[in-house]
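Nothing fancy with the numbering, it's 1 onward along the sequence. For ligands, and for the atoms within them, numbers begin at 1 and follow the listed sequence.
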Amino acid sequence: MKYFIGNWKMFGVPKSINILKKINDFYKKDVNRNKYKVIITPPYTLIENYSKYFKNKKIFVGSQNCYQKDQFSSNTAAVSSYMLKKVGAKFTLIGHSDNRSEGDTDKMLKDKVKFALKNNLKVVFCIGENHKEKKNGSTLNVLKKQLINVLNKKLDSKDIVIAYEPIWSIGTGKIPTSQELKKTIVHIKKELHKIFKKNVPAVLYGGSVDGNSVKSFKDLKEIDGFLIGGASKSSKKFIDIIKNYYR
Ligand code: PGA
């Protein structure tokens, strides 16, 4: 099963649901629909509304983040996994580079993962190296640390998906070569295998994925899907990614 996950970031108002309705219409008729899952992570403000609409449909709604405490607390503007689950979220991203750069530490990410799984959200855990780390050759080491500092064998790996997003690729139009990417994904899977032994989580790629760049990834069997930012805000661009991937 492949994943196409759209991360809307700070985008969307209630009527933006029309974008998702078009994606859902495409999905219903797509001959390849049994091969993949579509998940969208709108901002917090839209999760309840969109989850209700798509409850018995094929698009899954998730959150872009969650707070590192369970249930309720006195932290202004914080939203917990418990609260997200209660309004219909099925997934949550954790550790997106936007949030790491705003201060999310490994300790916080560990708690976020713990409480998300406890509250029955599936976790899309994001990792990735920055430009400097890539240049000095420490990519594989950085990724390994990001994995082992947060994940451990006690977690239920069937509820975890990894999204590899090189920071230098997010929103820049730059993508890794398929050789580079293959090597990195194989490395991530090897590390995951060491942590979990069996049931190794799916590994997605994210960073400037669009209808064009996806063509260079389709022969990489190691990639289990994509985390899509900019191109997920347009139904046409998002559908083009799926179409071109299976063409
Ligand atoms: P992008 O963003 O597709 O716009 O590069 C990806 C992401 O940040 O998840």
Pull out every atom of ligand 1 sitting under 4.0 Å from any heavy atom of Gly229, numbered as shown with elements. 1 (P), 2 (O), 3 (O), 4 (O), 6 (C)
Assess whether a salt bridge exists between Asp224 and Lys189, defined as any Lys/Arg side-chain N lying under 4.0 Å from an Asp/Glu carboxylate O. yes
How does Ile170 reach ligand 1, by side chain, by backbone, by both or by neither, if only non-hydrogen atoms under 4.0 Å count? both
Of all the atoms in ligand 1, which lie at a distance below 4.0 Å from a heavy atom belonging to Gly207? 5 (O)
Among all protein heavy atoms in this structure, tell me which lies nearest to atom 2 (O) of ligand 1, with the distance rounded to 0.1 Å. Lys9 NZ, 3.3 Å
His96: numbered ligand 1 atoms lying under 4.0 Å from its heavy atoms: 7 (C), 8 (O), 9 (O)
For Asn7, take its heavy atoms, then give the atoms of ligand 1 lying under 4.0 Å from any of them. 9 (O)
Distance under 4.0 Å to a non-hydrogen atom of Gly230: what atoms of ligand 1 satisfy this? 1 (P), 3 (O), 4 (O)
Aromatic contact between Tyr245 and Phe4, with the criterion being ring centroids under 6.0 Å apart: yes or no? yes
Other than Phe91, what residues sit in its cluster of Ile, Leu, Val, Met, Phe, Trp and Tyr side chains whose heavy atoms are under 4.5 Å apart, directly or through others? Tyr3, Ile5, Ile39, Phe60, Leu93, Val124, Val161, Leu204, Leu227
Between Glu180 and Lys183, is there a side-chain N and carboxylate O pair less than 4.0 Å apart? no
Select the closest option to atom 5 (O) of ligand 1 among Gly171, Cys126, Ala163, judged by heavy-atom distance. Gly171
Is the distance from the ring center of Tyr27 to that of Tyr36 below 6.0 Å? yes
If I apply the N/O under 3.5 Å rule, does Ile228 come out as touching ligand 1? no
When distances are taken from atom 6 (C) of ligand 1, the protein heavy atom at minimum range is Glu165 OE2, 3.4 Å
Run the numbers for me: atoms of ligand 1, each under 4.0 Å from some heavy atom of Leu227, listed by number. 9 (O)
Report the C-alpha distance between Lys112 and Asn65 in whole Å, list the side-chain angles of each, state the deciding distance to 0.1 Å, and finish with yes or no for side chain to side chain donor-acceptor pair (under 3.5 Å). CA-CA 9 Å; Lys112 289 181 187 216; Asn65 199 357; 3.0 Å; yes
So, do Phe115 and Tyr67 have ring centers that fall under 6.0 Å from each other? no
Tell me, yes or no, whether the heavy-atom count around Lys237 atom NZ, taken from other residues, nucleotides or ligands under 6.0 Å, exceeds 12. no
